[in-house]
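Following: one structure in structure tokens, then a few remarks.
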There are 2 protein chains.
Amino acid sequence: MIRERKKKRSGPTRKEAILEMATVFFAEKGFRNTAIGDIARNIGVADGTVFYHYRTKEDLFVAVLENFKEELIRESRDYLAAGEFADGLEMVVGLIGFYLSLAARMEERFLLLHRHYPYQLAEANPACRRHLEDIYDFFASTYEQAIRRGQEDGSIRELPAHKTALIIFTMVDGLVRIGTYRLYQPGSLYDELVASCRRMLQPDKV
Amino acid sequence: MIRERKKKRSGPTRKEAILEMATVFFAEKGFRNTAIGDIARNIGVADGTVFYHYRTKEDLFVAVLENFKEELIRESRDYLAAGEFADGLEMVVGLIGFYLSLAARMEERFLLLHRHYPYQLAEANPACRRHLEDIYDFFASTYEQAIRRGQEDGSIRELPAHKTALIIFTMVDGLVRIGTYRLYQPGSLYDELVASCRRMLQPDKV
DNA sequence: AAAAACAATCTGAGTAGTCAGTCAGTATTT
DNA sequence: AAATACTGACTGACTACTCAGATTGTTTTT
């Protein structure tokens, strides 16, 4: 079989192609409903090739999760580095908008986090658990920093920063989930969500 | 085989036993990871018996969901009928507490709603979709009623009742989910959640 | 430069296992 | 006798993973 050279920068390597295709399938159909053969066939590769690069299906899943985590965190860091926020409260609002835009842009991949499988796997697989914790810790601590900043500059009232961060993150992530389920049309909730958070965080008027 | 009589009130019928055991397995292990044989073996019944009462595995799942929906709504109605609330805001707070206690009491069954499978099935299976919509509509509209009542009695400010109801429900349900995943210890978030909601809903002090 | 040796990558038929659903026949109830 | 409830061996389809051998890429030797 004639195969394109691959080390010489001609697109993704096969290992990368497998990871990408696996991401699509795991997100869209779930772990159990994805056959290794689905992935292999879709990139024109033999089943065995998948197992050459990833020891087991589970390993492949964890690699997909790790890859997604890294992209998530990288993009978020970029946003935070570029963004200038008037105060802590505006930073919280900015983060909410960013998370929602990220979820819209990576809609398919976010499904990975909104399925039950990874959390189940996390109980038996420490690597999986670590990736999930990394993701949640990253966002929770980012919200927390914004809240503390707001408390210093007076845009946010005194309240437990960590707990409040978790509550806001839960809220925003829940909104994304509702959108995915298509039980409600979600888009219109954004403005109200931001307004609710402002009321929740702002100091009482004096 | 000697079999206990069943129509004569000696415990659940076999059909009911199958439904119960299926609930446990679908909730705990998911649809795809539950084999009909698991259910049958655990109640000492042949595989064929399950298919005698439920045409397919999918039908059985929808029956489980319907059953859960009915219990959820029945219990909630009982709570609402019994509860006396000082005003609309206290009713919202009461509902939050009730939902969390329900989720704790039916922890296993709530997993049914926190898996992705039912929402995926809903896209192809109208009965499944209807049950999910019934559940979400019920809770959303209950919160909405409480908010409207609060707006009449002055305990809640002017805000879009329906959207706010969805936001609060999302928040509370998200809290339950976080608890299930065991990534954070959730219990301690309850007080802060209620405090956040009060701030979100209360009129500005004048 | 060609050949040979070595290493890395890939292949796909094969294995062993699982499981939803069927059905012909048996047991129980009415 | 008829209807209903139940059985469990069987079928057909699927699938994770293996492995012996093929192909390709790189390095060393001649």
Side-chain angles (χ1 to χ4, degrees), chain A residues 1-26 28-64 117 120-121 124-125 128, chain B residues 1-26 28-65 117-118 120-121 124-125 128:
Chain A
M1 180 200 170
I2 293 130
R3 191 186 306 158
E4 300 206 358
R5 43 168 78 195
K6 62 186 170 352
K7 272 292 171 59
K8 289 290 189 66
R9 307 272 95 212
S10 66
T13 64
R14 286 189 158 181
K15 191 172 180 183
E16 287 162 356
I18 291 168
L19 195 71
E20 267 174 49
M21 192 56 71
T23 307
V24 173
F25 271 92
F26 286 149
E28 215 146 71
K29 317 216 313 160
F31 181 79
R32 198 65 158 61
N33 274 302
T34 296
I36 293 293
D38 293 340
I39 298 168
R41 199 177 333 104
N42 268 275
I43 51 180
V45 139
D47 289 20
T49 307
V50 176
F51 289 100
Y52 174 75
H53 289 291
Y54 300 93
R55 205 176 51 84
T56 64
K57 192 181 173 189
E58 193 177 303
D59 282 0
L60 176 55
F61 184 85
V62 173
V64 164
Y117 179 74
Q120 195 162 312
L121 183 59
N125 185 317
C128 177
Chain B
M1 178 200 170
I2 294 129
R3 191 188 305 156
E4 301 206 358
R5 44 169 76 194
K6 65 189 167 355
K7 273 292 172 58
K8 288 290 187 65
R9 305 272 99 212
S10 66
T13 64
R14 286 193 157 180
K15 191 172 179 183
E16 287 162 356
I18 291 167
L19 196 71
E20 267 174 50
M21 191 56 70
T23 307
V24 173
F25 271 92
F26 286 149
E28 215 146 71
K29 317 216 313 163
F31 181 79
R32 200 62 161 64
N33 275 302
T34 296
I36 293 294
D38 292 340
I39 299 168
R41 199 176 334 106
N42 268 275
I43 50 180
V45 139
D47 289 19
T49 307
V50 176
F51 288 101
Y52 175 76
H53 290 291
Y54 300 93
R55 204 175 51 84
T56 64
K57 192 182 174 188
E58 192 176 303
D59 282 359
L60 175 56
F61 183 85
V62 173
V64 164
L65 191 62
Y117 179 76
Q120 195 162 314
L121 182 60
N125 184 317
C128 177

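First the proteins, then the strands, lettered A, B, ... as listed; each starts at 1. Reckoned from all heavy atoms, side chains included, excluding hydrogens, waters and symmetry mates.
For A:F51, there are no ring-ring contact (aromatic ring centres under 6.0 Å, His included) partners, not counting sequence neighbours. Qualifying side-chain hydrogen bond (donor to acceptor under 3.5 Å, both in side chains) partners for B:D47, counting only residues two or more places apart in sequence or in other chains: none. Residues passing the ring-ring contact (aromatic ring centres under 6.0 Å, His included) test with B:F61, sequence neighbours excluded: B:F26, B:F31, B:Y117. Under the side-chain hydrogen bond (donor to acceptor under 3.5 Å, both in side chains) criterion, A:E58 pairs with A:N125, sequence neighbours left out.
Of the candidate nucleotides C:dC10, D:dT7, C:dG12, C:dG12 has the atom lying nearest to any side-chain atom of A:A46.
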In B/S/- notation, 5' to 3', how is nucleotides 15-22 of chain C contacted by protein heavy atoms closer than 4.0 Å? ----SSBB

Could you list the donor-acceptor pairs under 3.5 angstrom formed by side chains in residues 35-45 of chain B, with sequence neighbours left out?
residue: B:D38; atom: OD1; partner: B:R41; partner atom: NH2; Å: 3.4
residue: B:D38; atom: OD2; partner: B:A35; partner atom: N; Å: 3.1
residue: B:N42; atom: ND2; partner: B:D38; partner atom: O; Å: 2.9

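Close to D:dT24, at under 4.0 Å from its OP1 or OP2, lies no side-chain N or O of A:R14. For C:dT9, one of the phosphate oxygens OP1 or OP2 lies less than 4.0 angstrom from a side-chain nitrogen or oxygen of A:Y52.
Computed from coordinates, the B:I18 CD1 to D:dT7 P distance equals 9 Å when rounded to whole Å. Protein atom CD1 of B:I43 is 14 Å distant from nucleotide atom C1' of D:dA5, rounded to whole Å. Distance A:H53 NE2 to D:dC17 C1': 16 Å, rounded to the nearest Å.
Annotation: cation-pi geometry satisfied between B:K15 and B:Y54 (NZ/CZ under 6.0 angstrom from ring centroid, within 45° of ring axis).
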